[in-house]
Q: 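Dropping a structure here in structure tokens format, bear with me for questions.
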Amino acid sequence: MTPEEVGDRMVTLLATDQLPLNATAGVSGGGPGHARAVIDVPVGRWWFAAEMARDPGAVGCDFFDWLSAVDELDEGFTVVAHLWSVRRRHGMLLRTRITRDEPEIESLVDLYPGADWHERETHEMFGIAFARHPGLRPLLLPPEFEGHPLRKEFVLAARVAKPWPGAKEPGESEGGTAKRAPMRPPGVPDPNEWGPKKSRPERGAS
């Protein structure tokens, strides 16, 4: 199926008598052969949408590729999962938005066991909880680490200017003096004594 056909199929599957049509579909960029259907669903339909995507009689996306999130500041977090059909050779980006006050979403581990590490990483980096996940243990960060590094309000240590404690040369830290004049290799004359600079008058000369 083309990305457009995958999107239309998912939108149709997500419309039920109990729940009216509330999913939208688009197509990502990437050029021929790389475009993907993008399915936006409410957070309450996240797990159901993934189940429909996996169903062999529906879209057949049996392979879980990756999951991550985007910090949208006051708008909350966008959670994105890329699903792929190994047999039919088509995929989709399943996407939803969760609030910053209650950053929680259903885990997909029972549908796609490969989502385990991705959800653990997203939990660490963004502080998003995955309901019914079997164990959101630290994956990349030490247990005593505080905060979520991929949230935009988190201040990375690399962005904080600090004096270099191991400075040995003047000017290598804020407390250093003026930098030492560069040394000329042996046998190289002073630029002021030869070449283009020789003909220039000295500053302050009358």
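Numbering starts at 1 and runs along the sequence shown. From a predicted model like this one, the values you see are computed outputs, not experimental measurements. FYI, side chains are in, hydrogens and waters are out, and symmetry mates aren't considered; it's all heavy atoms of this structure.
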Q: About how many Å separate CH2 of W117 and CZ of R137, when rounded to the nearest 0.5 Å?
A: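 Interatomic distance, R137 CZ to W117 CH2, rounded to 0.5 Å: 10.0 Å.
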Q: Please determine whether residues M52 and V43 belong to a single hydrophobic cluster, defined as Ile, Leu, Val, Met, Phe, Trp and Tyr linked transitively by side-chain heavy-atom distances below 4.5 Å.
A: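 Same cluster.
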Q: Could you check R95 against V38 for side chain to side chain contact (heavy atoms under 4.5 Å, CB included), going step by step and ending with a plain yes or no?
A: CA-CA 7 Å; R95 189 167 64 179; V38 181; 3.5 Å; yes
Q: Working to the nearest 0.5 angstrom, can you tell me the gap between L13 CG and D8 CG?
A: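 That separation rounds to 11.0 Å.
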Q: Give the intermediate values and the outcome of side chain to side chain contact (heavy atoms under 4.5 Å, CB included) for residues V109 and E119.
A: CA-CA 9 Å; V109 171; E119 292 181 352; 3.4 Å; yes
Q: Is it the case that the side chain of E124 and the backbone of L139 share a donor-acceptor pair, with hydrogens and angles ignored and the cut-off at 3.5 Å?
A: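 Looks like yes, one N/O pair under 3.5 Å.
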Q: Evaluate the criterion side chain to side chain contact (heavy atoms under 4.5 Å, CB included) for residue pair T24 and V11; output intermediate values, then yes/no.
A: CA-CA 6 Å; T24 59; V11 169; 5.9 Å; no
Q: On a heavy-atom basis, which atom in R54 and which in L111 lie closest, and how many Å separate them?
A: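 Where R54 meets L111 most closely, the heavy atoms are NE-O, 3.0 Å.
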Q: Does T96 reach the side chain of T78, with side-chain heavy atoms less than 4.5 Å apart?
A: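 In short, these two side chains do not touch, never coming nearer than 4.5 Å.
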Q: Go through the steps to decide whether I128 and F77 satisfy the test side chain to side chain contact (heavy atoms under 4.5 Å, CB included), and finish with yes or no.
A: CA-CA 9 Å; I128 296 173; F77 300 94; 4.0 Å; yes
Q: Please find out if less than 6.0 Å separates the ring center of F64 from that of H82.
A: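 They do not qualify: ring centres at least 6.0 Å apart.
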Q: Give the minimum heavy-atom separation between S85 and D62, together with the two atoms involved.
A: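 Residues S85 and D62, closest heavy atoms: CA-OD1, 3.5 Å.
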Q: Should the heavy atoms of other residues, nucleotides or ligands under 6.0 Å from CZ of R132 be counted, would the total exceed 12?
A: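 More than 12 heavy atoms, drawn from other residues, nucleotides or ligands, come within 6.0 Å of this atom.
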Q: Any chance you could measure E72, atom CD, to I98, atom CD1, to the nearest 0.5 Å?
A: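 It is 11.0 Å, given to the nearest 0.5 Å.
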Q: Write down the atom of A49, the atom of L14, and the distance for their closest heavy-atom approach.
A: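 For A49 and L14, the tightest heavy-atom pair comes out as CA-CD2, 3.7 Å.
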Q: Evaluate the side-chain proximity of V59 to V6: yes if any heavy-atom separation is below 4.5 Å, no if none is.
A: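 Answer yes - side chains close enough.
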Q: Could you grab the distance from atom SG of C61 to atom CE of M10, nearest 0.5 Å is fine?
A: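 That separation rounds to 8.0 Å.
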Q: Say you draw a straight line from CZ of R120 to CG of L67; how long is it, rounded to the nearest 0.5 Å?
A: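 Going from CZ on R120 over to CG on L67, the span is 14.0 Å.
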Q: Looking at side-chain heavy atoms only, is the closest gap between P3 and H90 below 4.5 Å?
A: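 Heavy-atom side-chain distance check fails, nothing below 4.5 Å.
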Q: Do M125 and H148 have side chains that get closer than 4.5 Å, going by heavy atoms?
A: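 In short, these two side chains do not touch, never coming nearer than 4.5 Å.
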Q: Between E5 (side chain only) and T2 (backbone N and O only), is there a donor and an acceptor less than 3.5 Å apart?
A: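 At least one qualifying donor-acceptor pair exists.
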Q: If you look at every heavy atom in K152 and D71, which pair is closest and at what distance?
A: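 Answer, listing the atom of K152 first, then D71: N-OD2, 2.7 Å.
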Q: To the nearest 0.5 Å, what is the distance between CE (M1) and CZ (R89)?
A: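 Reported value, rounded in 0.5 Å steps: 14.5 Å.
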Q: Got V80 and W66 here, is their nearest side-chain heavy-atom distance under 4.5 Å?
A: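 V80 vs W66: side chains touch.
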Q: Would you tell me whether W47 and D110 have side-chain atoms, one donor and one acceptor, within less than 3.5 Å of each other?
A: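 Looking only at side-chain atoms, D110 and W47 do form a donor-acceptor pair, the distance falling under 3.5 Å.
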Q: Check I39 against A25 and note the closest heavy-atom contact, atom names and distance.
A: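 Between these two residues, the closest heavy atoms are CD1-CB, 3.9 Å.
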Q: Would a 4.5 Å heavy-atom cut-off, applied to side chains only, mark T122 and V79 as touching?
A: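 Side-chain contact under 4.5 Å: no.
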Q: Should Y112 and F63 be counted in the same cluster of Ile, Leu, Val, Met, Phe, Trp and Tyr side chains packed under 4.5 Å apart?
A: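 Y112 and F63: separate clusters.
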Q: Considering only heavy atoms from C-beta outward, does the side chain of S107 approach that of W46 to under 4.5 Å?
A: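 Result no, sub-4.5 Å side-chain heavy-atom pair not found.
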Q: Regarding R100 and E153, does a basic nitrogen lie under 4.0 Å from an acidic carboxylate oxygen?
A: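 A salt bridge is present here (some side-chain N lies under 4.0 Å from a carboxylate O).
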Q: Tell me yes or no: between the side chains of R36 and S28, is some donor less than 3.5 Å from an acceptor?
A: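 Note: R36 and S28 side chains miss the donor-acceptor criterion.
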Q: Can you tell me if H133 uses its side chain to pair, donor with acceptor, with the backbone of G135 under 3.5 Å?
A: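 Yes; at least one donor-acceptor contact below 3.5 Å.
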Q: Could you tell me whether the side chain of F130 reaches within less than 4.5 Å of the side chain of E106, counting heavy atoms only?
A: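 With C-beta onward as the side chain, the pair stays apart.
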Q: So does E146 have more than 12 non-hydrogen atoms from other groups sitting under 6.0 Å from CD?
A: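 Atom CD in E146 is not packed in, count stays at 12 or less.
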Q: To check you understand the geometry: which heavy-atom pair defines the closest contact between S68 and F126, and what is its length?
A: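 In this case the closest contact between S68 and F126 is OG-CE1, 4.2 Å.
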